[in-house]
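What follows is a single structure, written as structure tokens, with notes after it.
Every chain is numbered from 1, with letters handed out A, B, ... down the list of sequences.
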Amino acid sequence: MRYLPLIWTAVMRKPMRTLLTLLSVAVAFILFGLMFGLNASFDIVVARARADRIFTGARFGNGNGGGIPIAVAHQIAAMPGVKVVTAVNFLPGYVQDSKYSVFLVMLDENARKVVEDWPIPAEVWNALHKDRTGIVMSKIQAARWHKKVGDTFTMISRAVKRADGSNTWTFKILAIGDDLPEQSNGYVLGNYDYIDKAKPLADQGKISEVDLLANDPATATELAQRIDQAFANSATPLNTTTDKMARSSKDFNGLDIKAITRGIALAGMFMVLFLTGNGIAESVRERFAEFATLKTIGFSDRAVTALVVLEAALPCILGAALGVGIAAIMAHQLPGLMPPGFGLPPPTVSPVLMLWAAASAFVVALLSAALPILRLTRMDIASALSGRA
Amino acid sequence: MLRQIWIVSVLNFKSLRSRLWQSMVIVVGLAATIGVMLSMLSVSAGMREAYAKAGDPNRAIVVSKGVDQEGSSAITRAMAPLIAVAPGIAKDKDGKPLADRSLTMGVPVLRKDGTKGNTVMRGFGDKGPGVRPEVKIVAGRMFQPGKREMIAGLGAQMMFQHMQVGDKVILPDGQWPIVGIFTSGDQLEGQLIGDSETLLTALHRANYNSMLVRLASPDSLAALKSALTTNPALSVDVMRHSEWYARVANQQTFALALLGYIVGVVMAIGALFGCLNTMYAAVSTRGREIATLRALGYGAFPVAVSVILEAVLLSVTGALLGAGIAWAFYDGKLDLFGNTIFHLSVSPKQIELGVIWAIVVALLGGLFPSIRAARRPVVEALRAT
């Protein structure tokens, strides 16, 4: 640590060069943070996908408000390989003004078994099915509508009309639940019985989606295809997909997102490697006689190497810290800025990612210092001292 | 003045070799930036080109007023004959107008890699082949009007599973068999085609989505447009098919292109800092040389310009290198986005864009160093080591 002043003077010798290097490294690490953060978000979502969970909805037309007869859910429940089935009805709408949209998911009593991994405690499920006008909001949604437990929540749905002709639906908030990584907009859950009985008689008994668990996760894909085939010639053909398939990162409309983000991050690192390598080589070249002096007074090769590596590492690590920090701030703001339904989750800049960034910065510093260090260890001290090296 | 700039610049470039590695920093920085940006833009550019080819300027499309997607447009049975008799529409050999009633709907399909995808099922009326003569059957046969059967494009066959003659596709009223495979040389090849009337029944729909007409001549569009838009019984928009496709392409590719540009801007900023670094170093290395020139009488302005020119030369070289790499890796590769099958495109227009970006980065990156070079007191510079 007593050699810190040496490193500092080395770095501050050409402050403009150090600053520009640091800024360039920071920019490359903004990309690093955003790109690998995006991959991390995909990984989290994919890891949470259950291999035995399957969703199916109407193959054509919208299932909002109801498009499939509930008998379909019962038929699926009777198919071999199906463990438990829940009927789901969507209630899309808005609060006061049509630009404040909200999406309610109305569930039946089996839902708690199909989404048992959701952070909703048993008492809340019980309350939801006891109080049929009740809803459960996630924290994000509760914050958006400024609601707390016990408040009433009123929304208007153009798609779903009540039996009395009105489009206004009022609910009571029973609980506020934790958010899920795969639902960046939060969730609002309600009671299917309530919405079904409140609709006009002709519209009753219809659902939007069937969610189910397979008996054996290994057969989930085959079961999904079987369900599609079973209803292929019916009045309501279905489109069935497994949880894993729905969350795959290879599937952004056909593009492999992870490969693209990795490529971008690597290109950024390569650009920076060249810059820092050049900077350090130049700095060492300028101070060759200085290093020769250090070696003369007794600095070992190892000490000189350490000095150079630390000098290279300082702008790299600081730049990486700055870049990842900015990336973290941007990742926080992004959900608000991106158009809805864009399809990409917001990047997650986690402490693990920061460690990776620091490690990469160090590797870049090492690689860029490699050749100059080689020169230093091989130098002929006498000619270096005289300035002729 | 120009002669001075020329001489100083040539001197500059001759000494470039002694600053080779620093100069490479700019080249590599721009190569990485433009290479990545053009690679990302190759998807949106390729899609736009695929759509541009699909829109024949001799065709016009008629949709409901104010819609931006064919799926939201509705042409009723009553409107169709009114549109067909409008002026400007070409006639077939029987003297009937080449105006076709068209339907469109999304159909879920399975991609070759097992993931779920979507394609479009298009309805052709009886004038379909007349309005779109580029559609040719290459396997099996054409579907018969009134029958629940369809043909699939060669592109769809390449990208999706179960697209052979004889395979069945699930539609709302059951499964329809594929009886033929067609080519059309444009993005229609990624879609399925069936009979409009039969589809209307199958989908429980009352209205068509659009009408596609063959113009008597490219200039007839004006006559057709004014006739249809001034007809009080109709509320429609009329535009050239190519213009419609350009609009659709822009919608679909907007987000993707935006992403490409954002990444490009971020990397360009990184490259800019590298460029600044190198040019400052270059100017300080050449300190004495520049001072000598100025002492000899060369103006400060030519010196400054020569510095900027050096930056421009290096960055354009880097941009062309990066563009070349992007072109070599990606141009022409077949890709799939949504239901559009297209070739990735790194075209001259894209490369031109890359070069312009490089020039902008060079101008910004060379400006301050060039000012410093021009304003540094000559005597002090002459004394510098």
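Crowding of A/Arg158 atom CZ: a count of heavy atoms from other residues, nucleotides or ligands under 6.0 Å not exceeding 12. Annotation for B/Trp327: atom CH2 does not count as buried by contact number, only 12 or fewer foreign heavy atoms lying within 6.0 Å. In B/Lys168, the NZ atom is not crowded: 12 or fewer heavy atoms of neighbouring residues, nucleotides or ligands sit closer than 6.0 Å.
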- Query: Going through the distances and angles, do A/Leu20 and B/Tyr280 end up as a side-chain contact (heavy atoms from CB on, under 4.5 Å)?
  - Reply: CA-CA 10 Å; A/Leu20 288 173; B/Tyr280 269 126; 4.0 Å; yes
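Atom CE of residue A/Met16 and atom CG of residue B/Asn277 lie 9.0 Å apart, to the nearest 0.5 angstrom. Rounded to the nearest 0.5 angstrom, B/Phe273 CZ and A/Leu19 CG are separated by 8.0 Å. Atom CZ of B/Arg19 is separated from atom CG of A/Asn278 by 12.5 Å, given to the nearest 0.5 angstrom. In this structure, CZ in A/Phe274 is found 10.0 Å from OG1 in B/Thr278, a value given to the nearest 0.5 Å.
Residues B/Gly174 and A/Asn233 approach most closely at CA-OD1, 3.6 Å, considering heavy atoms. Across A/Ser24 and B/Gly270, no two heavy atoms sit closer than the pair OG-O, 2.9 Å. Here the closest non-hydrogen pair linking A/Ala232 and B/Gln175 is CB-NE2, 3.2 Å. Residues B/Pro108 and A/Arg59 come closest through the heavy atom pair O-NH2, 3.1 Å. Of all non-hydrogen atoms in B/Met267 and A/Met271, the two that sit nearest each other are O-CE, 3.6 Å.
Annotation: side chain of B/Met40 is in contact with side chain of A/Ile264 (closest heavy-atom distance under 4.5 Å).
A/Arg17 contributes no side-chain N or O that, together with a main-chain N or O of B/Ala281, makes up a donor-acceptor pair within less than 3.5 Å. A donor-acceptor contact shorter than 3.5 Å is absent between the side chain of B/Lys116 and the backbone of A/Asn239.
For chain B, the nearby part of A/Ala235 is the backbone; its heavy atoms alone come within less than 4.5 Å. Using a 4.5 Å cut-off between heavy atoms, A/Ser234 contacts chain B through its backbone alone, with no side-chain atom that close.
The residue among A/Thr21, A/Leu22, A/Val25, A/Val27 with the most heavy atom pairs within less than 4.5 Å of chain B is A/Val27. Heavy-atom pairs under 4.5 Å with chain A were tallied for B/Val36, B/Leu258, B/Val28, B/Leu110; the largest tally goes to B/Val28. Each of A/Gly268, A/Ala267, A/Pro237, A/Ala26 has some count of heavy-atom pairs under 4.5 Å with chain B, and the biggest count is that of A/Pro237.
Here the rule is side-chain contact (heavy atoms from CB on, under 4.5 Å) with A/Phe60, and of B/Asp173, B/Val107, B/Leu203 only B/Val107 fits it.
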